[in-house]
Amino acid sequence: MSEFDRPKRLASMLCYVDHNAAFLWLEEAFGVEPYWVLLDENGRIAHSGMTFGTGFSMVGSEWPADHKSPRNLGGKNAQTVHVQLGNQEDIDTHCTRACKAGAEILQVPDTQFYSDRPYRARDPEGHMRTIGVNVTHLCSADWDKASGRTLRTQTRL
């Protein structure tokens, strides 16, 4: 396996007007780690990959007419990236870090019925994220009771 081989996994691709700034900001605000960068002829980032735990996301420039930053779409988002912290991580400290780096906090950390404590944030170009940590373990019966819905895992409908 070479250093450029990538494992089978689902990944998102986020387009930025200033993807060089986004690459640095994501590391500072959310602790996302650089994995690889592809530099253009001017030494600027043309495309990149970043990791968080076993998750992976690509960060790049706007390309063809169909791939745009929310900055150029009136703030509209077609997806929200979710970041799940480890169970021992402090979500309030993570939220404060993101805020200090310039994230717009849309919802402060708040424990939900499904036992996660998430917050919502918008980055400088308008991409939205939810960041959560699991605070208690619920079995499916507990989830069903708390939500009024039916939870089933690893199954087909």
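The figures here come from the full heavy-atom set of this structure, side chains too, leaving out hydrogens, waters and symmetry mates.
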Check the hydrophobic clustering (I, L, V, M, F, W, Y; side-chain heavy atoms under 4.5 Å; chains of links allowed) and say if Val83 and Met13 are grouped together.
-> no
Only counting residues at least two apart or in another chain, list the ones meeting side-chain contact (heavy atoms from CB on, under 4.5 Å) with Arg149.
-> Ser147
Starting at CZ of Arg120, measure out to SG of Cys95 and round the result to the nearest 0.5 Å.
-> 11.5 Å
Only counting residues at least two apart or in another chain, list the ones meeting side-chain contact (heavy atoms from CB on, under 4.5 Å) with Thr111.
-> Arg117, Val135
Could you pull out every donor-acceptor pair under 3.5 Å between side chains of residues 37-45 and any protein atom, sequence neighbours left out?
unit_1 : atom_1 : unit_2 : atom_2 : d
Asp40  : OD1    : Asn42  : N      : 2.8
Asp40  : OD1    : Gly43  : N      : 3.1
Asp40  : OD1    : Arg44  : N      : 3.0

Is there a side-chain contact between Val32 and Trp25 (heavy atoms, below 4.5 Å)?
-> no
Could you check whether the rings of Phe56 and Tyr35 sit parallel, tilted or perpendicular, using 30° and 60° as the cut-offs?
-> perpendicular
Under a 4.5 Å side-chain heavy-atom rule over Ile, Leu, Val, Met, Phe, Trp and Tyr, are Phe23 and Met58 clustered together?
-> no
Distance, nearest 0.5 Å, that separates CG of Asp142 from OG1 of Thr136 = 8.5 Å
How would you list, by chain and number, every residue that makes a side-chain contact (heavy atoms from CB on, under 4.5 Å) with Thr150, sequence neighbours excluded?
-> Asp144, Arg152
d(Lys145 NZ, Cys139 SG) to nearest 0.5 Å is 10.5 Å
Which pair of heavy atoms, one from Asp90 and one from Asp92, lies closest together, and at what distance?
-> OD1-N, 2.9 Å
pair His127-Val59: side-chain heavy atoms closer than 4.5 Å = no
Of all pairs that satisfy salt bridge (charged side-chain N to carboxylate O under 4.0 Å, His left out), the ones with a partner from residues 102-115, not counting sequence neighbours | Glu104-Arg122
State yes or no: do Leu106 and Ile131 share one hydrophobic cluster built from I, L, V, M, F, W and Y residues joined by side-chain heavy-atom distances below 4.5 Å, directly or via other members?
-> no
Drop me the distance from Met50's CE to Leu26's CG, to the nearest 0.5 angstrom.
-> 5.5 Å
Can you tell if the side chain of Val81 reaches within under 4.5 Å of the side chain of Phe30, non-hydrogen atoms only?
-> no
From NE2 (His137) to CG (Asn87), nearest 0.5 Å | 10.5 Å
So Tyr119 and Arg129, side chain to side chain contact (heavy atoms under 4.5 Å, CB included) or not? Walk me through it.
-> CA-CA 8 Å; Tyr119 73 92; Arg129 285 174 180 72; over 6 Å; no
Rounded distance (nearest 0.5 Å) linking atom OH of Tyr114 with atom CG of Asn134 = 10.5 Å
Find out whether Gln112 and Pro118 are in side-chain contact, i.e. whether some heavy atom of one side chain is under 4.5 Å from a heavy atom of the other.
-> yes
Going by the side-chain hydrogen bond (donor to acceptor under 3.5 Å, both in side chains) test, which pairs reach into residues 66-83, not counting sequence neighbours?
-> Glu62-Asn72, Ser69-Glu125, His82-Gln84, His82-Thr130
ILVMFWY cluster, Val133 and Val108 together (side-chain gap under 4.5 Å) | yes
Are Met128 and Tyr16 co-members of a hydrophobic cluster defined by side-chain heavy atoms under 4.5 Å apart?
-> no
Considering all heavy atoms, the nearest Pro70-Cys15 contact | CD-O, 4.4 Å
